[in-house]
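Just follow the structure's listing: the first ligand is 1, and inside any ligand the first atom is 1. Note that the structure is a prediction, hence the values are computed from the model and not measured. When reading the values below, keep in mind they use all heavy atoms of this one structure, side chains included, and skip hydrogens, waters and symmetry mates.
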Amino acid sequence: MKEQIPAIQSDALARIAAAEDSRVLDEARVAVLGKKGSLTVLAAGMKDVPKEDKAEVGQLLNAARVAITEALEAKQQALQEVADRKALEGIDLTLPARPLPVGGLHPLTLIRDEAIGILRRMGFALADGPEIEDEFHCFDALNTPADHPARNEKDTFYCDSGKLLRTHTSSVQIRTMGKAQPPVRIIAPGSAYRRDEIDATHLSVFNQLEGLYVAADVSLPDLKGTLEYFFHELFGPQTEVRFRPHFFPFTEPSFEIDVKLTVKGQQPRWIEVAGCGMVDPAVFDSINAGRKDESFHPDKVTGFAFGMGLDRLAMIRWGIKDIRLLIENDIRFLKQFA
Ligand code: DAH
């Protein structure tokens, strides 16, 4: 047995040295050290070795196992290095990486965040309300009579439950005043829904930004100053802003706001961007009736409100001619804002 050990060892080392890939190397390992491997089988014969020889034979066996194991490990590492080198062949690791595609914010998100930023600096806090509204918050409490055309089934999406998709964000005014105490100074960006024919300037889902400021002695000059400042911040200090008398059921007096759009090579023109006005006392009355107190008594508080079209603001800012571009997710269009 003693004589067989060096033979197995040198045979194993030769096989290991000759192995050209890790599969052949593993076969060599199994052939020597596996359950039925030559060294394993030989070691099983230890029990028949005479007592006085056991120590010496054991040592020889051990030394052989260590030598073979070390050779296996060294060879495995050498094979791996060759494989690594091969994998990297022809690859120049010093080349700059290809740029990854970078995402960007949607233009509507950009303009909304900018608008919110300006108004927050003026002390307005964010508020919101549900998009599936009831007639009370969307119309009745906003002093909009039952026969008002905006309430028509032709213009408003009604659910079978009698609820509706809010036609404007003005409902958030009612939601907010129903809970808060004056002074109230909030803005509410969000979606609104109308059964409009879809074309270059209309979508049936669009985006508004509502504002409401109610306190003692809020006046029309406050409204005008606030909104002029807002549009000058958003579109630049030279931007011309005009307040045109209008009618809304929930404000008195009411105005529409136009911004003068000047595009190079085009005749300047006025674009309507918002509605606004002084909160009608009838709105305060219905708030007080709903909350069963006099927190918003028209003798104690006054307020202004406004609602602007965020899609319109984006169209003006970037000269977007067709509102549908804002919902089509055409990457060629969106990429310009990234
Ligand atoms: N809700 C109106 C609309 O969608 C816009 C509006 C007008 C909002 C006057 C207001 C306001 O808050 O005071 O056409």
Kindly print each ligand 1 N/O atom paired with any protein N/O atom under 3.5 angstrom away, one pair per line, or none if nothing qualifies.
| residue | atom | partner | partner atom | Å |
| --- | --- | --- | --- | --- |
| ligand 1 | 1 (N) | H168 | ND1 | 2.9 |
| ligand 1 | 1 (N) | S170 | OG | 2.9 |
| ligand 1 | 4 (O) | R194 | NH2 | 2.8 |
| ligand 1 | 4 (O) | Q208 | NE2 | 3.0 |
| ligand 1 | 12 (O) | Q173 | NE2 | 3.0 |
| ligand 1 | 12 (O) | E210 | OE2 | 2.6 |
| ligand 1 | 12 (O) | F306 | N | 3.2 |
| ligand 1 | 12 (O) | F306 | O | 3.3 |
| ligand 1 | 13 (O) | A305 | O | 3.2 |

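Using cut-offs of 30° and 60° on the angle between ring planes, the pair F337 and F333 is perpendicular. In this structure, F304 and F124 have tilted ring planes: the angle between them lies in the 30° to 60° band.
T156 contributes a side-chain N or O that, together with a main-chain N or O of A150, makes up a donor-acceptor pair within less than 3.5 Å. Under a 3.5 Å cut-off, the side chain of H106 and the backbone N or O of L326 do form a donor-acceptor pair.
For E153 and Y158, the side-chain atoms include no donor-acceptor pair closer than 3.5 Å.
Close placement of the H168 and F250 rings is indicated, their centers lying within 6.0 Å of each other.
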